[in-house]
Amino acid sequence: MSSPPSPSPNRWFKALRRTRLGEPCLKTYPLECVELLKRARAAFQAGRTAKEGFRLAQLEAVVRMLVEHECDFVDALGRDLHKPRFETVVSELILVKNEALHAINNLKKWMQPQHVERNLSTTLDECLVVNEPLGVVLIMGTWCSPVQLCLVPLVGAIAAGNCAMINPPEYTSHTAELLHRLIPSYLDNECFHVIVTGTNDLAQIVGLKFEHVFFIGNREEAGRVAQAAALTLTPVTLVLGGKNPCYVDQQCDITTTAQRIAWARFHNAGQSAVAPDYILCHVDVKERLVQALKCCLMQFYGSDPRESRSFGRMVNLETFNRTRDLLWRSGKVAVGGQVIEAEKYIAPTILTEVVESDPIMQHEVFGPVLPILTVKNVDEAVAFINKQEKPLCVYAYSSNSKVISRLMSETSSGSFCSNDSILQSLMVVLPFGGVGASGMGSYHGRYSFDTFSHRKSCLLRGTRFECVTYLRYPPYEDRNLSLMTWASTLSQKSQGWCQIL
């Protein structure tokens with residue numbers, strides 16, 4: 001297997017000069033994006049990404065980049081989000097490596113044409129579905145997990161044989177500039193480009209006309225992306241946030257439930273689109289759950305989470321101020337509530353006595369705040385969830401399988417998980433994406449490959465049996481129509497005689 005082409009020295013030194021960690025990230029202006037897009041399109045049209053060997057080499061390069069620069073990623077995410085090394089390795093780097101290795105191990109199978117079942121009329125024909133790369137795709141990640149949310153879609157784009165332009169989020173500037181420096185050093189310089197643009201440039205960049213736009217972020221920005229893409233009929237995948245409900249039944253292991261919810265809600269300082277956004281707790285177990293959550297926070301972060309090396313910070317003051325305002329205007333603080341603006345620190349906080357009209361129930365929470373509402377039974381929980389827009393995730397904790405079945409079947413969401421949280425969004429064998437207000441399309445594993453592929457239907461026929469197919473030709477006669485009508489009625493029982501055409 002040939003190794004990927006080495007980046008040009010001029011580009012390497014240029015990238016090194018302008019992306020040294022800690023310096024302001026250089027913005028990519030629209031005119032430069034146009035030039036990069038031309039280069040990527042030329043490389044794609046030349047067939048550079050078509051071969052399996054090229055794709056494997058690029059996927060292996062992604063794995064090498066993560067292994068050889070683990071400390072750099074830990075440092076960058078530490079600067080951007082105060083993210084603990086453990087969280088960076090487990091929730092960012094390992095996830096991307098798993099995706100890349102899964103693609104490497106399955107690429108040959110994914111690339112093979114899929115044969116469709118034959119019937120009587122196609123016995124001597126060949127029916128195939130061929131996976132065809134789309135072209136040049138745009139991948140726009142978001143800041144809460146910038147490495148994972150940029151590189152996992154990139155793995156799918158590479159596996160499917162596309163060229164790609166990656167736009168890491170500007171909020172996590174150290175991580176963005178690290179990707180800007182490393183990707184040209186590992187991946188093909190003509191096929192893959194990192195651009196750094198602001199949110200105000202979204203529509204202009206999308207309007208350059210890509211073959212697919214993959215966007216992870218908030219609904220407001222997604223609306224602008226979708227509108228811009230619609231002008232050029234560009235298909236989009238949108239993975240958006242929302243308010244993810246978490247039902248806690250009276251029949252559950254309270255200690256384990258509290259541990260799993262607290263981990264999911266407060267890792268990365270609550271900045272996650274897949275964390276439980278609020279708890280719908282059965283009224284009979286509310287006090288026990290609150291007490292168990294208090295114990296978990298003490299166990300996880302100690303008596304002063306500010307001093308804990310396992311707890312992060314808000315990404316910027318805008319997010320800090322928004323979360324603080326929601327916290328101060330909603331419910332009653334049962335645990336936490338301390339804020340320090342200079343450090344962008346908000347303590348892990350549990351709110352009780354929250355009602356549906358509170359501000360924190362009207363907006364997605366990107367911070368370490370967990371509101372708890374009470375319900376009398378599972379019927380009330382299902383009704384409450386179904387009143388809201390469709391979320392990205394629904395979680396349910398119960399030892400009663402009928403309760404779990406009801407939550408899964410009677411609510412609609414992008415994903416569902418029982419007796420745990422977040423894990424369903426990380427598995428390479430499950431598709432992950434939104435529905436309705438939480439997005440469209442999905443990714444991970446084979447589903448990423450399919451997202452970035454065109455499934456082309458192919459029928460390979462010979463010229464035999466013209467004695468039968470002549471019935472379709474003019475001049476049209478009633479006798480021929482009667483024969484074809486008779487054949488179509490047979491198709492209901494014998495599959496495919498209607499395909500006499």
Side-chain angles (χ1 to χ4, degrees), residues 241-266 270 272-296 330-332 334-335 350-358 360-365 369-425 427 430-439:
K243 296 194 70 63
N244 303 319
C246 177
Y247 173 65
V248 177
D249 192 45
Q250 77 268 38
Q251 299 180 55
C252 71
D253 183 328
I254 288 292
T255 301
T256 301
T257 294
Q259 286 179 329
R260 295 182 178 184
I261 292 175
W263 167 77
R265 175 68 268 181
F266 299 113
S272 170
V274 294
D277 196 278
Y278 61 94
I279 292 178
L280 294 173
C281 180
H282 194 286
V283 66
D284 292 347
V285 294
K286 176 196 167 188
E287 297 304 325
R288 289 169 55 206
L289 178 64
V290 171
Q291 187 58 42
L293 287 169
K294 287 181 181 179
C295 293
C296 285
S330 305
K332 176 183 176 182
V335 183
I350 297 167
L351 294 179
T352 56
E353 300 181 21
V354 177
V355 295
E356 188 177 355
S357 59
D358 281 346
I360 203 162
M361 294 302 297
Q362 309 305 313
H363 304 277
E364 183 179 4
V365 181
V369 182
L370 181 60
I372 298 179
L373 295 83
T374 57
V375 292
K376 296 177 182 177
N377 50 48
V378 68
D379 294 326
E380 191 176 332
V382 169
F384 187 95
I385 293 170
N386 287 337
K387 277 196 305 181
Q388 321 303 320
E389 292 182 318
K390 294 181 180 182
L392 192 56
C393 316
V394 167
Y395 300 110
Y397 288 80
S398 177
S399 56
N400 186 331
S401 60
K402 292 182 179 179
V403 170
I404 297 299
S405 180
R406 286 199 60 191
L407 265 296
M408 184 172 65
S409 61
E410 296 180 22
T411 64
S412 179
S413 57
S415 66
F416 176 85
C417 183
S418 67
N419 296 311
D420 214 329
S421 301
I422 295 182
L423 298 188
Q424 85 289 351
S425 70
M427 301 180 70
L430 288 177
F432 182 73
V435 60
S438 57

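Here the structure is a predicted model, which is why all the values come from computation and not from measurement.
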A.B. asks: Is the side chain of Ser405 donor-acceptor paired with the backbone N or O of Ser401 at a distance under 3.5 Å, no angle test?
C.D. replies: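 Checking the backbone N and O of Ser401 against the side chain of Ser405, no donor-acceptor pair under 3.5 Å is found.
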A.B. asks: If every non-hydrogen atom of Leu392 is compared with every non-hydrogen atom of Ala273, which pair is closest and at what distance?
C.D. replies: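 Scanning both residues completely, I find the closest heavy atoms to be CD2-O, 3.7 Å.
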A.B. asks: Going by side-chain contact (heavy atoms from CB on, under 4.5 Å), Ile372 matches just one of Leu293, Val248, Leu280. Which one?
C.D. replies: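 So, applying the side-chain contact (heavy atoms from CB on, under 4.5 Å) to Ile372 and each of Leu293, Val248, Leu280, only Leu293 qualifies.
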A.B. asks: Rounded at 0.5 Å granularity, tell me how far OG in Ser413 sits from CD in Gln388.
C.D. replies: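 Rounded to the nearest 0.5 Å, the OG-CD separation comes to 13.5 Å.
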A.B. asks: Enter the distance from Thr352:OG1 to Ile279:CD1 here, rounded to the nearest 0.5 Å.
C.D. replies: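 That separation rounds to 11.5 Å.
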A.B. asks: Establish, from distance only, whether the side-chain atoms of Gln424 and Ser415 form a donor-acceptor pair under 3.5 Å.
C.D. replies: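 Yes, Ser415 and Gln424 have a side-chain donor paired with an acceptor closer than 3.5 Å.
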A.B. asks: Test your reading of the model: is there a side-chain donor-acceptor pair from Asn244 to the backbone of Asp277, 3.5 Å cut-off?
C.D. replies: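 Pair absent, no side-chain N/O of Asn244 close to backbone of Asp277.
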A.B. asks: Please answer whether the main-chain N or O of Ser398 pairs with a side-chain N or O of Asn419 as donor and acceptor at a distance below 3.5 Å.
C.D. replies: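 Yes: the side chain of Asn419 pairs with the backbone of Ser398.
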A.B. asks: Main chain of Asp253, side chain of Thr256: is a donor-acceptor contact present, judged purely on distance under 3.5 Å?
C.D. replies: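 Side chain of Thr256 to backbone of Asp253, a donor-acceptor pair under 3.5 Å: no, none is there.
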A.B. asks: If we ignore hydrogens and angles and just use 3.5 Å, is the side chain of Arg265 paired with the main-chain N or O of Leu370 as donor and acceptor?
C.D. replies: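 No: the side chain of Arg265 does not pair with the backbone of Leu370.
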A.B. asks: Using a 4.5 Å cut-off on heavy atoms from C-beta on, say whether the side chain of Pro391 contacts that of Pro245.
C.D. replies: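 Yes, their side chains come closer than 4.5 Å.
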A.B. asks: Side-chain donor-acceptor pair under 3.5 Å between Ser421 and Tyr397, yes or no?
C.D. replies: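 Yes, Tyr397 and Ser421 have a side-chain donor paired with an acceptor closer than 3.5 Å.
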A.B. asks: Salt bridge or not for Lys243 and Glu389, using N-O below 4.0 Å?
C.D. replies: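 Here Lys243 does not pair with Glu389 in a salt bridge, since their nearest N and O are not under 4.0 Å apart.
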A.B. asks: Any side-chain heavy-atom pair from Ile360 and Val365 closer than 4.5 angstrom?
C.D. replies: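 Yes, side chains in contact.
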A.B. asks: Is the closest side-chain donor-acceptor distance between Ser330 and Asp358 under 3.5 Å?
C.D. replies: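 Distance-only check fails for Ser330 and Asp358.
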A.B. asks: Quick test of your reading of the model: are Arg406 and Glu410 salt-bridged, counting only N-O distances below 4.0 Å?
C.D. replies: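 A salt bridge is present here (some side-chain N lies under 4.0 Å from a carboxylate O).
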A.B. asks: Would the distance check show the side chain of Asp249 and the main-chain N or O of Ala396 forming a donor-acceptor pair, the cut-off being under 3.5 Å?
C.D. replies: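 Looks like no, no N/O pair under 3.5 Å.
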A.B. asks: Has Gln362 got a side-chain atom pairing as donor or acceptor with Glu356's backbone, closer than 3.5 angstrom?
C.D. replies: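 At least one qualifying donor-acceptor pair exists.
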A.B. asks: Quick one, Ile422 and Tyr395 - any side-chain contact, counting heavy atoms below 4.5 Å?
C.D. replies: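 In contact.
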A.B. asks: For the residue pair Pro276 and Ala264, what are the closest heavy atoms and their distance?
C.D. replies: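 Minimum heavy-atom contact is CD-CB, 3.6 Å.
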A.B. asks: Using atom types as modelled and distance alone, determine if a side-chain donor or acceptor of Glu380 lies under 3.5 Å from a backbone N or O of Lys376.
C.D. replies: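 It does hold such a pair.
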